[in-house]
Amino acid sequence: MAKTGKMTAAGLKKLQKQLNKLQGDECEAFMEACAKELAARLLAKVIKRTPVGDYPNSTGKKRRYITPGVDSKNP
């Protein structure tokens, strides 16, 4: 089983108070920043794990063309 590290109830209470302070636009900005951070981390892992090599009917530079963007099917 994985170790979770040290955690105290005081730290959780402090986090709870900070999250409760977020109101309206601040909350939206916080959620958007969190979503962007998670997306950036995921993209970095995907690019790192994308195999580079010979592909049929391709230039073999698949990793270079992975970029974040809007899906044309689901805008």
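Please read all numbers here as calculations on a predicted model, not as lab measurements.
We find the CG-CE distance between L22 and M31 to be 9.0 Å, quoted to the nearest 0.5 Å. Distance CG/L43 to CG/L38: 12.5 Å, rounded to 0.5 Å. E28 CD to D25 CG: the interatomic distance, rounded to the nearest 0.5 Å, is 7.5 Å.
Counted within 6.0 Å of CD on Q18, heavy atoms from surrounding residues, nucleotides or ligands total more than 12; the atom is thus considered enclosed.
Taking all atoms of both residues into account, the shortest heavy-atom contact from K21 to E26 is O-OE1, 3.8 Å.
Looking at heavy atoms from C-beta onward, V46 lies in side-chain contact with L42 at the 4.5 angstrom threshold. The closest side-chain heavy-atom distance from Q23 to C27 is not below 4.5 Å.
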